[in-house]
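When a ligand or atom number is given, it counts from 1 through the structure's own listing order.
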Amino acid sequence: MLTEEPIRTRFAPSPTGMFHVGSARSALFNWALARQQDEGRFVLRIEDTDAARNKPEWTEGIIQALAWLGISASDPHFEGPYFQSDYAGKHRESAEQLYKQGRAYYCDCTREQVQARRDNPNLGYDGFCRDRGLEPGPGRALRFRVPEGGPTVVDDAIRGRVEFDHASIEDFVIARADGSPLFALANVADDIEMQITHVVRGEEHLSNTPKQQLLWEALGHTPPGWAHLPVIVNEKRQKLSKRRDKVALESYQQEGYLPEAMVNYLMLLGWAPGDDREIMPWAEMEPLFRVSDVNSSSAFFDEKKLRAFNGEYIRGLSVEEFVRRCRPWLDPEVAPWSEENYDEDIFRAVAPLAQSRVAVLGEIVLNVDFLFLDQPVFDEASWTKAMKPGVGAEMLSATLKRFADPELAWEAEELKSALEEVGQARGLKLGKAQAPVRVAVTGRTVGLPLFESLEVLGRDRTRHRIDAALARLNA
Ligand code: GLU
């Protein structure tokens, strides 16, 4: 895909739903290509001609999603957004041009008539109106005259040469009877108007490509470089579907995936930077990306791997940055605690402990809620496991007594030795000895390191919670 002219890629989503992770990948690949040249441009075109399905909020969602991925509208390589609906005049002109050149003709056949003439309904249109010389008029759609003979060969940067026999391409409709263009025409007319040099998009559009290439040529232009990206599949090798799979970029954003981890992971869906490197920041990947290196076989969206990536990226943040990124989840507006109880300094004190444990930022809430709630929320399974009537109660009351000792410095190491002693006196290893205390204080058997947590929580609150758990246990 080397060209002399500056590269102009485009991303042309239809604003008809949530922003799909597959769209995110297409956008990133196009963005990398555009950014590799000083004069390279990434054109955002919103294909908003399906009025029944469009919603302005989806358009807003596209722009926000792109910005989240680092595809910023203020970057000099970014051009647009253009709206397909603004180019209706151009679409009509292109249709007219094709009609005038004899490359398209009017057709008044109904679907039923076409079917009645064919034994095999899969064969498509039979060319009935090709030579009838119909003028434009009500009920007449415009069809493209697919040249007889010869295949159309699509030279795809990922798939190589793909041949489409013209016998298998019907004379397709390019404009409806009301004059409105169909996808193939509007998309090509816009790409021509916007001087697009490379079309990099999902594999589902490969079957449209021979028709579009014919349109490019008929309209008097050299077709762009084509590249059709492999489908993204789930663990059962099924194409990701919005009904079955988590495909909305926003879901990942809400769970607390970092954009840099998401970008890194998405870039690897079909492409690899080489040297077996996988964790690689955008700035390093961008110049290495070559669309011809994209693999044509389907790409597995492995959420476990994405989680692992995200964990690594989280651990790579400075503590201050980690605190900042966690804020949206810690905000009392959305978190389970009140404004009065929340204290960012306390969070900051445990942040390094939490940073090494969470894989997605949203998990932060369950790790620190015990610090900001009046009472811990008891997880019933944890309670049943740790609070065995005899030994559990025994551990709690002995710990309560030990923690009351004013000589005991309230500091993680000291607290650990104290609890170790209490456990040893009852023949319990530290793990077993600390379980009831952990559940009493945090509500769960797993969480942040216990003694650091107790240190931050403070003596009074710790003792109060052990006392309350004892009462619950003995009730
Ligand atoms: N609006 C089309 C889509 O979202 C654009 C396809 C293309 O990239 O050409 O599928």
| task | Would you kindly specify which portion of V199 sits under 4.0 Å from ligand 1, judged on non-hydrogen atoms: side chain, backbone, both or neither? | result |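 It is neither part, as no heavy atom is under 4.0 Å.
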| query | Where the side chain of E321 meets the backbone of S318, is there a donor-acceptor pair that is under 3.5 Å apart? | reply | no
| field | Whether H77 side chain and G40 backbone form a donor-acceptor pair below 3.5 Å | value |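 Checking the backbone N and O of G40 against the side chain of H77, a donor-acceptor pair under 3.5 Å is found.
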| query | Can you say whether the rings of W226 and H228 are parallel (under 30°), tilted (30 to 60°) or perpendicular (over 60°)? | reply |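 Ring orientation of W226 relative to H228: parallel.
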| field | Plane angle bin for F78 and F42 - parallel if under 30°, tilted between 30 and 60°, otherwise perpendicular | value | tilted
| query | So which of H20, E47, R45, Q84 gets nearest to atom 1 (N) of ligand 1, if we judge by its closest heavy atom? | reply | E47
| field | Shortest heavy-atom approach to atom 10 (O) of ligand 1 - which of H228, H205, Q212 | value |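 When every heavy atom of H228, H205, Q212 is considered, H205 comes closest to atom 10 (O) of ligand 1.
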| remark: among protein heavy atoms, the one nearest atom 5 (C) of ligand 1 is A12 O, 3.0 Å
Which of the numbered atoms in ligand 1 are below 4.0 angstrom from a heavy atom of [X]?
X: R201; result: 7 (C), 8 (O), 9 (O)
X: S14; result: 1 (N), 2 (C), 3 (C), 4 (O)
X: R10; result: 7 (C), 8 (O), 9 (O)

| Which residue pairs satisfy the side-chain hydrogen bond (donor to acceptor under 3.5 Å, both in side chains) criterion with at least one member in residues 136-154, sequence neighbours excluded? |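 Listed once each, the pairs are R130-E148, T152-H166.
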| said: Please evaluate residues Y82 and D190 with respect to the criterion side-chain hydrogen bond (donor to acceptor under 3.5 Å, both in side chains), reporting the C-alpha separation (whole Å), side-chain torsions for both, the decisive distance (0.1 Å), and the verdict. | reply: CA-CA 10 Å; Y82 299 123; D190 291 347; over 6 Å; no
